[in-house]
K.L.:
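Structure incoming, see below.
Note that this is a predicted model, so its numbers are computed, not measured. Residue indices begin at 1 and follow the sequence shown. In each ligand, atom 1 is the first atom listed, and ligand 1 is the first ligand listed.
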Amino acid sequence: MQEQEHRFDLQRQRMVEEQLIPRGIKDQRVLDAFRRVPRHMFVASAQQHQAYQDHPLPIGLEQTISQPYIVALMTEALRLTGTEKVLEIGTGSGYQAAILAELADQVYTVERHERLSEQAADILRKIGYTNIYFKISDGIMGWPEKGPYQGILVTAGTPEIPTALLEQLSPEGRLVIPVGDSWMQELLLVTREKEGLRKINLGGCRFVPLVGDD
Ligand code: SAH
């Protein structure tokens, strides 16, 4: 067992050195978070041997845990310093929430599948996180009661930026969201500035769709 943990630890360090640093992830706090969070705990045991590989993995209910690099790219774009309140839409496995919890003060995460939310909450509590709050509902509405947020991260693709999320973004806040059709999206960084909203394209990506109730 200990030997197994040691093997995962080596794979995790290699993931950072081979997948994140060469592609330009520079924020040391982000890199350290990826060195710590046990990604293998967020996938089924049959998939644990692949947990640190350079691709997404299925987590059930047709959902996926994103490729490590994409999680890192989105996280780095939020420029977290440790004091922030962050909203995540699409809890999924809980892996991205764990990374955010390492880097921000509080993480609010919304998931429409009850089973995924409960499973993620179980794992995150088992690992020891106490600054992550879970909600089962349609993330298109955000989580207005707890806002505004200095960072918002949407981990499912959508044709348009939901207005509720823009309303819950604090001044100087940063929102990262994959915008496009169900096949391909552009990862957008939206910042709220005095002059208005500024959008920066971080590159192409492919996420499972953000499913709306309407
Ligand atoms: N962040 C996750 C990956 C999420 S995959 C991780 O680290 O593992 C996208 C997730 O968004 C899925 O779990 C899906 O169920 C969820 N989702 C899709 N549409 C949603 C919606 N409208 N509201 C909340 N969650 C949604």
K.L.:
Between the side chain of Gln168 and the main-chain N/O of Trp143, is any donor-acceptor distance below 3.5 Å?
P.N.:
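Answer holds: yes.
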K.L.:
In this structure, which one of Leu165, Val107, Leu169, Leu87 forms a side-chain contact (heavy atoms from CB on, under 4.5 Å) with Tyr149?
P.N.:
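Going through Leu165, Val107, Leu169, Leu87 one by one, the side-chain contact (heavy atoms from CB on, under 4.5 Å) with Tyr149 is satisfied by Leu87 alone.
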K.L.:
Are any of the N/O atoms in Ser66 less than 3.5 Å from those in ligand 1?
P.N.:
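The answer is no, given that Ser66 and ligand 1 share no N or O pair closer than 3.5 Å.
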K.L.:
With respect to Gly212, determine whether any N or O atom, backbone or side chain, lies less than 3.5 Å from an N or O atom of ligand 1.
P.N.:
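Gly212 vs ligand 1: no N/O contact under 3.5 Å.
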K.L.:
Looking at Gln96, which atoms of ligand 1 are within less than 4.0 Å of one of its heavy atoms?
P.N.:
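Here the atoms of ligand 1 in question are 1 (N), 7 (O).
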K.L.:
Using a 4.0 Å cut-off to any heavy atom of Thr64, which atoms of ligand 1 qualify?
P.N.:
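Near Thr64, the atoms of ligand 1 are 3 (C), 4 (C), 5 (S).
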K.L.:
Is the side chain of Thr155 donor-acceptor paired with the backbone N or O of Ile89 at a distance under 3.5 Å, no angle test?
P.N.:
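Yes, the answer is positive, given that a donor and an acceptor are paired below the 3.5 Å cut-off.
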K.L.:
Any donor-acceptor pair under 3.5 Å linking the side chain of Arg174 with the backbone of Val190?
P.N.:
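No: the side chain of Arg174 does not pair with the backbone of Val190.
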K.L.:
Under 4.0 Å from ligand 1, counting heavy atoms only, is it the side chain of Arg112, its backbone, both or neither?
P.N.:
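Answer for Arg112: both.
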K.L.:
What atoms of ligand 1 come closer than 4.0 angstrom to any heavy atom of Val211?
P.N.:
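Going through ligand 1 atom by atom, the ones under 4.0 Å from Val211 are 18 (C), 19 (N), 20 (C), 21 (C), 22 (N).
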K.L.:
With heavy-atom distances below 4.0 Å as the criterion, list the atoms of ligand 1 near Glu88.
P.N.:
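Taking each heavy atom of Glu88 in turn, ligand 1 has 1 (N) under 4.0 Å.
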K.L.:
What I want to know is whether Gly90 and ligand 1 share at least one N or O pair that is separated by under 3.5 angstrom.
P.N.:
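Yes, there is a polar N/O contact under 3.5 Å.
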K.L.:
With distance as the sole test, does Glu102 use its side chain to make a donor-acceptor pair with the main-chain N or O of Leu100 at under 3.5 Å?
P.N.:
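Not confirmed, Glu102 side chain does not pair with Leu100 backbone.
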K.L.:
Do any N or O atoms from the side chain of Gln63 and from the backbone of Gly92 form a donor-acceptor pair under 3.5 angstrom?
P.N.:
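No; zero donor-acceptor contacts below 3.5 Å.
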K.L.:
Any side-chain donor-acceptor pair under 3.5 Å between Thr109 and Glu88?
P.N.:
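Per modelled atom types, Thr109 and Glu88 side chains form a pair under 3.5 Å.
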K.L.:
When only distance counts, is Leu210 in polar contact with ligand 1, meaning an N/O pair under 3.5 Å?
P.N.:
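Looking only at distances, the answer is no, because the N/O contact criterion of under 3.5 Å is not met.
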K.L.:
Hey, which atoms in ligand 1 end up nearer than 4.0 Å to a heavy atom of Gly139?
P.N.:
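That gives atoms 21 (C), 22 (N), 23 (N), 24 (C) of ligand 1.
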